[in-house]
Amino acid sequence: MTSERISGERAMTPFAHALREAIDARRMTLSRLHERLSDRGNAVSMATLSYWRSGARRPEGAQSLAAVTDIEDLLGLDPGSLTGRLGPTLRTGPLGPTAFPFDEQSLEERVRDTFIAMGATYPDPTRELSIHAVTDVGADHGIVRRTTRLVVQGTAGVISAIPFVEITHGIPTESPTFTALGGGRIATTHTDPSRTVHGFLFALDRPITTPEATVIEWSVDYPPGFPEGDGSGHGIALQCRELLLWTRFHPDAIPVWIEEVEETPAGEVVVPRTLDGGSSLHAVRRSFGPGSLALRWGWEPRLA
């Protein structure tokens with residue numbers, strides 16, 4: 001049974017008001033409600049019921065929510081009368097360990113410097129819950145565009161902007177063009193002096209308060225001469241629920257070889273992949289991170 005303590009100034013929530021009024025209207029004591037819940041196999045304590053009624057705590061977790069559903073029935077309320085007043089969860093959920101997704105200290109330093117140059121903190125107080133990244137490869141073998149859609153959650157305080165970076169490992173390049181497609185705007189950009197880390201600050205349409213989440217989407221358009229076959233990848237510092245990479249090749253740019261590369265604190269795992277006559281390929285991970293996942297490819301046969 002899980003419940004979350006609420007500060008005094010926020011105590012009388014809509015849920016607490018509705019529960020108190022329903023109990024009073026039915027002239028049911030907490031001890032009687034506790035008895036009837038126990039008869040149904042819900043082991044919610046008297047203290048917890050009292051906390052819920054006063055607003056000092058709120059139900060969190062599957063077992064507590066099941067108890068609230070039973071309370072609605074026992075008090076003769078319409079389904080959702082109480083659960084519908086709970087609002088969003090007050091917990092971020094388990095965050096797991098935090099780690100820079102690539103095993104390279106100098107790269108982490110460049111990323112940190114880029115964050116700071118854009119006015120962001122490092123590490124960033126958010127986590128990516130769901131990532132869908134689509135990469136398009138053109139007829140000239142160059143990456144044309146990458147579009148990313150994220151469900152991102154605050155992990156500390158109020159979040160009004162989120163920093164991101166594009167990395168070319170060891171290859172200096174011009175900065176790509178970043179375009180916000182939904183959920184906010186590009187507030188500023190910065191390229192590290194090494195020209196291998198290109199950052200942008202995504203200002204949200206509306207600030208979110210932890211543990212609130214929001215959806216954002218952006219695209220990256222790559223300049224001519226951007227490294228061919230650099231691959232499509234995404235790195236995360238905290239565990240996500242789902243990471244999906246989808247790479248689409250122009251019919252005139254089907255690679256000779258392609259592989260999936262997973263890098264975590266446990267090491268690197270490389271798995272050969274094939275298109276099987278198609279022109280696109282995806283890789284997916286659930287409950288993944290910290291670490292990175294990428295697809296790499298090439299147009300020249302590899303030496304044995």
Side-chain angles (χ1 to χ4, degrees), residues 1-98 125-131 150-159 206-215 236-243 284-290:
M1 187 73 64
T2 307
S3 59
E4 191 77 10
R5 183 176 294 278
I6 300 174
S7 61
E9 65 270 18
R10 297 176 59 191
M12 287 309 292
T13 63
F15 170 79
H17 276 295
L19 178 59
R20 177 185 291 273
E21 289 178 359
I23 290 173
D24 290 346
R26 274 64 178 180
R27 298 182 179 179
M28 183 178 289
T29 64
L30 282 186
S31 61
R32 178 59 179 154
L33 182 58
H34 173 254
E35 264 181 41
R36 298 190 66 183
L37 283 170
S38 296
D39 290 342
R40 292 190 174 202
N42 267 308
V44 57
S45 69
M46 277 282 295
T48 296
L49 288 175
S50 179
Y51 284 138
W52 289 355
R53 184 179 63 175
S54 68
R57 292 183 181 177
R58 53 160 280 162
E60 292 279 2
Q63 191 176 355
S64 289
L65 296 178
V68 174
T69 300
D70 270 350
I71 290 172
E72 291 173 343
D73 185 43
L74 291 170
L75 296 179
L77 302 174
D78 292 333
S81 297
L82 296 178
T83 55
R85 287 174 167 80
L86 282 172
T89 179
L90 298 179
R91 299 184 298 168
T92 59
L95 295 177
T98 302
T126 64
R127 71 166 171 179
E128 298 167 20
L129 296 178
S130 177
I131 306 114
L150 293 182
V151 179
V152 64
Q153 179 188 39
T155 60
V158 178
I159 312 299
R206 177 184 62 82
I208 58 174
T209 302
T210 299
E212 190 179 1
T214 190
V215 180
I236 51 175
L238 287 167
Q239 186 180 91
C240 68
R241 293 176 184 167
E242 180 183 68
L243 169 57
V284 65
R285 294 290 189 278
R286 293 181 176 85
S287 299
F288 176 76

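All heavy atoms count here, side chains included; hydrogens, waters and symmetry mates do not. The shown structure was predicted, so the numbers you read here are calculated from the model rather than taken from an experiment.
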#### Entry: Donor-acceptor contact below 3.5 Å, side chain T69 vs main chain L65
yes
### Query
Given side chains that start at C-beta, do those of L150 and S130 come closer than 4.5 Å, heavy atoms only?
no
### Message
Between the side chains of D73 and R40, is the shortest nitrogen-to-carboxylate-oxygen separation below 4.0 Å, so that they form an ion pair?
### Response
yes
### Task
Could you check if a side-chain atom of D78 sits within less than 4.5 angstrom of a side-chain atom of E72, using non-hydrogen atoms only?
no
### Task
Say whether, by atom type as modelled, one donor and one acceptor occur between the side chain of R85 and the main chain of S81 under 3.5 angstrom.
yes
### Carboxylate-amine/guanidinium proximity below 4.0 Å for E21 and R26
no
### Query
How many angstroms lie between CD in E128 and CZ in R241, if you round to the nearest 0.5 Å?
13.0 Å
### Query
Looking only at heavy atoms, what is the nearest atom pair of V68 and P59, with distance?
CG2-CG, 3.5 Å
### Side chain Q153, main chain P211, donor-acceptor under 3.5 Å
yes
#### Entry: From W52 atom CH2 to I23 atom CD1, the distance as rounded to the nearest 0.5 Å
10.5 Å
#### Entry: From I159 atom CD1 to T209 atom OG1, the distance as rounded to the nearest 0.5 Å
8.5 Å
#### Entry: Test log, rule side-chain contact (heavy atoms from CB on, under 4.5 Å), inputs I131 and E242
CA-CA 6 Å; I131 306 114; E242 180 183 68; over 6 Å; no
### Query
Rounded to the nearest 0.5 Å, what separation is found between the CZ atom of R57 and the OG1 atom of T48?
6.5 Å
## Note on the structure
CD1 of I236 to CG of L129, rounded to nearest 0.5 Å, is 10.0 Å
### Task
Indicate yes or no for a side-chain donor-acceptor contact from R53 to the backbone of A16 under 3.5 Å, with no hydrogens or angles considered.
no
### Query
Atom OG in S50, atom CG in L33: separation rounded to 0.5 Å?
11.5 Å
### side-chain contact (heavy atoms from CB on, under 4.5 Å) between I71 and L49, worked out
CA-CA 10 Å; I71 290 172; L49 288 175; 3.9 Å; yes
### Task
Give the intermediate values and the outcome of side-chain contact (heavy atoms from CB on, under 4.5 Å) for residues R127 and C240.
CA-CA 7 Å; R127 71 166 171 179; C240 68; over 6 Å; no
### Query
Stepwise, does the side-chain contact (heavy atoms from CB on, under 4.5 Å) test hold for V158 with T210?
CA-CA 6 Å; V158 178; T210 299; over 6 Å; no
#### Entry: Any donor-acceptor N/O pair, T126 side chain to V152 backbone, under 3.5 Å
no
